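Nothing fancy with the numbering, it's 1 onward along the sequence. In each ligand, atom 1 is the first atom listed, and ligand 1 is the first ligand listed. Remember, it's a predicted structure, so these values are computed and weren't measured experimentally.
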Amino acid sequence: MTDYSETDFSTRAIHVGNDVDKETGAIRRPITMANCYRLPDDASALNWSDPNNLIYTRTTSANQIYLQQRLASLEGGEDCVVLASGVAALSSVFFSFLDKDSHVICSNVSYIAVYRLLNEYLPDKYGIEATLVDTSDLDAVKRAIRPNTKLIHIETPGNPTTTISDIAAIASIAHQAGALLSVDSSFASPYLQQPIALGADLVVESLTKYINGHGDAMGGAVIGSKELIDKIKTEAMVNLGGCISPFNAWLIMRGVVTLPLRMERHSESAQKIAEFLESYPAVSFVAYPGLPSHPQHELASRQMKLYSGMLSFGLNADSETINQFVNALQVITSAVSLGHDESLIVFIGADDERIDFYPEAFGKHGFLRFSVGLEHPDDLIADLKQALAKAGL
Ligand SMILES: *Cc1c(COP(=O)(O)O)cnc(C)c1O
């Protein structure tokens, strides 16, 4: 296979992991929907759980391997493991690198499943110690270190506040303490942020979001050194069973081709919309890393190529009026998830279980998390305007 290692990100997003199909000459590798692969004539020496050998689809599949090659290249890591969802990828990291005597530090703004796993299930069931801190505050991270700290897990930008944590600085805090740093980079994608180059040991991506980008497949990935990824494959992939369907791996392989173009457009549109919202009288706040008003705007400018398509904002209105606004939207869809081609918005009320972890403005009337899609930004702004007007705002 051609060596693409010296080529640009956009070239690797198209070519790494693809090859001409040997049997048919097709220029795209096929979807291999098979649960298992023919064994060698002499299988006596076979490791039945080898996570890098095609034996059984839970222990790896052809399409999974191709996608792993592409994602390892895009993240600048040695190896990658692809699993069924972002949460499967996150729990594989916790399962592989935490044990009953260990301590983990985690961003207090993180994906809800991470919060539940680290705040509740892992401590209660397995005695793992966890400290949730504001990881945009480096002193708070340092203070949280204990002799048994094995892992620091940060999410940057954080979902849903877009809080930015300093990857390079936290990597050095982690390494001084003999701990690993894992970074959930799902809000940025590898096109906008390269945690491994900044010193992270592991990058976690929800492939469901920007990397697939089309809202039609779920997946998750962890990227890092061969040694760390092999441990995850051997322990958590083979034995926890969160394997990805070859069909979904193929869809994601197709989706990621256009990641660079999509991230440029998402970021450009989100900037315009954030500026529009910030100037609108009924809007109480806008959290978007591309705005100079964002508390970590400068850090985001250093750490990210662009500011991505995710923003949160508040309206000076009661819940009923905010619901009226959401229901009046015509182009933008009210739904969870993010990073899709189409714009998605979700209203999260002030009764959210983690509202106390968010900046104060989020708790006043609740907030709207907006995943700015690839529609024309003028159409999105027009849609926001007419829905604000219909809600009397
Ligand atoms: C959605 C999301 C996840 C979880 O990914 P799934 O594919 O839904 O399991 C993890 N982290 C972040 C930041 C996310 O937005």
Side-chain angles (χ1 to χ4, degrees), residues 64 67 71 75 80-95 106-119 121 132 135-136 153-165 167 182-193 195 200 202-223 232 236-237 240-245 247-249 251-252 255-256 259 263 266 270 287 289 300 304 307-312 335-340 343-346 348 352 354 357-358 367-373:
Q64 180 186 331
L67 182 57
L71 296 176
E75 298 278 1
C80 169
V81 54
V82 163
L83 291 155
S85 68
V87 167
L90 287 158
S91 43
S92 80
V93 170
F94 304 145
F95 182 79
C106 177
S107 300
N108 61 6
V109 173
S110 68
Y111 193 68
I112 185 74
V114 170
Y115 172 71
R116 294 202 180 115
L117 282 168
L118 296 185
N119 190 54
Y121 298 129
L132 306 185
T135 52
S136 71
H153 176 76
I154 63 174
E155 185 173 306
T156 184
N159 183 359
T161 60
T162 74
T163 303
I164 308 289
S165 299
I167 298 170
S182 76
V183 178
D184 184 334
S185 189
S186 304
F187 260 41
S189 90
Y191 184 65
L192 300 187
Q193 177 168 286
L202 297 165
V203 186
V204 185
E205 297 278 4
S206 167
L207 306 177
T208 314
K209 311 295 172 52
Y210 286 111
I211 291 181
N212 180 51
H214 294 74
D216 52 12
M218 298 198 71
V222 191
I223 299 92
I232 296 175
M237 181 182 75
L240 291 184
C243 65
I244 191 164
S245 156
F247 182 55
N248 282 3
L251 279 173
I252 295 164
V256 73
L259 182 70
M263 294 319 292
H266 283 301
M304 300 172 72
Y307 305 102
S308 195
M310 292 305 302
L311 59 90
S312 288
V336 297
S337 201
L338 56 101
H340 297 187
S343 290
L344 302 173
I345 199 164
V346 54
I348 300 175
D352 182 76
R354 293 182 299 164
F357 286 136
Y358 303 156
F367 62 95
L368 295 128
R369 189 190 68 185
F370 186 6
S371 172
V372 176

Report yes or no: does S107 contribute a side-chain atom to a donor-acceptor pair with the main-chain N or O of E155 at less than 3.5 Å? yes
Partner residues of N248 under the side chain to side chain donor-acceptor pair (under 3.5 Å) criterion, sequence neighbours left out: none
Sequence-distant partners of S371, side chain to side chain donor-acceptor pair (under 3.5 Å), two or more places apart: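 If we apply the side chain to side chain donor-acceptor pair (under 3.5 Å) test to S371, skipping adjacent residues, there are no hits.
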Tell me which pairs pass side chain to side chain donor-acceptor pair (under 3.5 Å) where either residue lies in residues 183-192, with sequence neighbours left out. D184-S186, S185-Q193, Y191-E264
List by chain and number: which residues place a heavy atom under 4.0 Å from ligand 1?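 Contacts of ligand 1 under 4.0 Å: S85, G86, V87, L90, Y111, E155, N159, D184, S186, F187, S206, T208, K209, M218, G219, L338.
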For V204 versus G86, what's the shortest heavy-atom pair and its separation? CG1-O, 4.4 Å
Which residue is it: P289, P157, S308? I am looking for the one with a side-chain contact (heavy atoms from CB on, under 4.5 Å) to L192.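 Answer to the side-chain contact (heavy atoms from CB on, under 4.5 Å) test with L192 among P289, P157, S308: S308.
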